[in-house]
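Following: one structure in structure tokens, then a few remarks.
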Amino acid sequence: GNEIGVSAPAPVTGTVAPLGNGADGILLGTSSNLVGGSVLNAGNIIAYNGQFTSGDGIHVLNVNNAPTGNVFQENSIFSNAALGISLAPNGIIPTPIGPPATLANPYANNHINYPTITQAIQDAGTTTVTGLLTKERPNTTYNIEYYQNTTANASGFGEGQTLIGIQTNVQTDNTGSAQFLSVLNNPAILAGDMITATATDAPLQDGTSEFSKDVAIQGLVDLSVQVSASPNPVYVGQTVTYTVTVTNGGTTDAHNVSIVDTLPNNISPIIKAFDNGTLGGTVVINGSTVTDSLAVLPAGQSDTLTIQV
């Protein structure tokens, strides 16, 4: 692929530097163009363009009876001034009109509508994405490309910095709608990053859509609790130390966590209870019940409550 709007990759690190065009990165006015592709290394880097005119990464002009069948596959599109892909005559926000185009609305690529991502959940290297296709061609097969972005586009409609998955054979019903679900097995996908998608009709009557809205990838909270007592066995008159450890094995921070331990009635009065972690838990003793409250339990960390009786 080509580097459009960036310098050539550095010899050792492979990093690129901004070198954007003043206007659009790629400007198309004809039909049936392929930008990128599915073969190895066909994808382009299209970035940092439109600095003088609020241009797009890729802009398809609505000339010559509105070009159609333009396909954009497996590119890295990011940090452009306006949209990553624009099929509209002008404007910063895509319009979900859907095909086919009309004389009143002669959008490029027949208005092919962008997907709607409803949710993206990341857990242990697997990200589950759900969403909808609407206002598409009835009874038609679509392919969806998913992209990861470190930040959201200012318009709210993302670009596509890193390709993280492709879902094929999404079939619309007779109303032009379809639900989709994809499981992306990619450990580089991080909770808190943004995910976007494009849709391409398999028959290539229309081509590729603009990018979907940015959706934050959500992590999961996965709390587990371990309780131990020492010494074991215990004899009359000995002091017993209970240790309660809660661990967040999920991919996102847990907020407002409370460790609550109620001791049996036949246990001697509590001598003391304390949080011996580093997260600043607040311990309250109420009769035989001990509560340790944490504002935040970060992903991958643990906190311990110690009770002596």
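Predicted model only: the values in this text are computed from it and were never measured. In what follows, residues are counted from 1 in the order of the sequence shown. Values below: all heavy atoms of this structure, side chains included; hydrogens, waters and symmetry mates excluded.
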Are Ser230 and Thr241 close enough that a side-chain donor and a side-chain acceptor fall under 3.5 Å? no
Distance-only donor-acceptor check, side chains Thr118 and Thr130, under 3.5 Å: yes
Residue pair [X] / [Y], side-chain heavy-atom distance below 4.5 Å:
X	Y	result
Gln122	Thr252	no
Thr304	Thr243	yes
Leu28	Leu61	no
Phe157	Ser212	no
Leu83	Ile85	no
Val257	His255	no
Val283	Leu305	yes
Thr68	Ser31	yes

Minimum heavy-atom separation for [X] and [Y], please, with both atom names.
X	Y	result
Gln148	Ala188	NE2-O, 3.2 Å
Asn174	Pro138	O-CB, 3.6 Å
Ser209	Asn113	CB-O, 3.5 Å
Asp56	Ser86	OD2-CB, 3.3 Å
Ala197	Pro115	O-CD, 3.6 Å
Leu223	Leu297	CD2-CD2, 3.9 Å

Please report the C-alpha distance between Asn185 and Thr126 in whole Å, then the side-chain angles of each, then the deciding distance to 0.1 Å, and finally whether the side chain to side chain donor-acceptor pair (under 3.5 Å) criterion is met. CA-CA 5 Å; Asn185 295 306; Thr126 297; 3.1 Å; yes
Side chain to side chain donor-acceptor pair (under 3.5 Å), that's the test. Do Thr282 and Ser293 meet it? Break it down for me. CA-CA 5 Å; Thr282 301; Ser293 299; over 6 Å; no
Quick one: does [X]'s side chain have a donor or acceptor within less than 3.5 Å of a partner on [Y]'s backbone?
X	Y	answer
Thr247	Gly249	no
Thr53	Gly22	yes
Asn49	Asn21	yes
Asp292	Phe274	no
Asp214	Asn153	yes
Asn276	Thr306	no
Thr208	Val71	no
Ser79	Tyr48	no
Glu136	Leu133	no
Asn75	Gln73	yes

Ile26 and Asp24: CA distance, side-chain angles, deciding distance, side chain to side chain contact (heavy atoms under 4.5 Å, CB included) verdict: CA-CA 5 Å; Ile26 295 177; Asp24 301 312; over 6 Å; no
Interatomic spacing from [atom1] in [X] to [atom2] in [Y] - rounded to 0.5 Å:
X	Y	atom1	atom2	answer
Gln119	Ile217	CD	CD1	12.0 Å
Lys135	Thr172	NZ	OG1	15.0 Å
Asp261	Thr291	CG	OG1	9.0 Å
Leu132	Thr116	CG	OG1	6.0 Å
Asn248	Asp303	CG	CG	11.5 Å
Lys213	Ile117	NZ	CD1	12.0 Å

Is it the case that one hydrophobic cluster holds both [X] and [Y], taking links as side-chain heavy atoms less than 4.5 Å apart, direct or via other members?
X	Y	result
Ile271	Val227	no
Met194	Ile46	no
Val221	Ile259	yes
Leu279	Val244	yes
Val225	Leu263	yes

Full working for salt bridge (charged side-chain N to carboxylate O under 4.0 Å, His left out) between Arg137 and Asp201: CA-CA 9 Å; Arg137 291 186 183 271; Asp201 66 313; 5.1 Å; no
Show, in sequence, the C-alpha distance, side-chain angles and deciding distance for Val290 and Ile270, and conclude whether the side chain to side chain contact (heavy atoms under 4.5 Å, CB included) test is met. CA-CA 9 Å; Val290 180; Ile270 297 172; 3.5 Å; yes
Within a radius of less than 6.0 Å around [atom1] of [X], do more than 12 heavy atoms belonging to other residues, nucleotides or ligands occur?
X	atom1	result
Gln171	CD	yes
Phe52	CZ	no
Gln308	CD	yes

List the steps and the verdict of side chain to side chain contact (heavy atoms under 4.5 Å, CB included) for Ser258 and Leu294. CA-CA 6 Å; Ser258 293; Leu294 297 169; over 6 Å; no
Using ring centroids (six-membered ring only for Trp), state whether Phe211 and Tyr147 fall under 6.0 Å. yes
Would you confirm whether the ring centroid of Tyr142 sits within less than 6.0 angstrom of the ring centroid of Phe180? no
Sole candidate of Asn149, Asn80, Thr196 that passes side-chain hydrogen bond (donor to acceptor under 3.5 Å, both in side chains) when paired with Glu159: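 Among the candidates, only Asn80 passes.
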Can Ile195 and Ile164 be said to form a side chain to side chain contact (heavy atoms under 4.5 Å, CB included), step by step? CA-CA 9 Å; Ile195 187 170; Ile164 54 175; 3.9 Å; yes
My understanding is that only one of Ile77, Asn44, Ile58 makes a side chain to side chain contact (heavy atoms under 4.5 Å, CB included) with Phe72; could you say which?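 Exactly one option meets the side chain to side chain contact (heavy atoms under 4.5 Å, CB included) with Phe72, and it is Ile58.
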Among Thr168, Thr200, Asn169, which residue meets the side chain to side chain contact (heavy atoms under 4.5 Å, CB included) test with Thr141? Asn169
Before you tell me yes or no, could you show the steps for Asn109 and Asp206 under side chain to side chain donor-acceptor pair (under 3.5 Å), namely the whole-Å CA-CA distance, both residues' side-chain angles and the distance that decides it to 0.1 Å? CA-CA 5 Å; Asn109 281 9; Asp206 305 319; over 6 Å; no
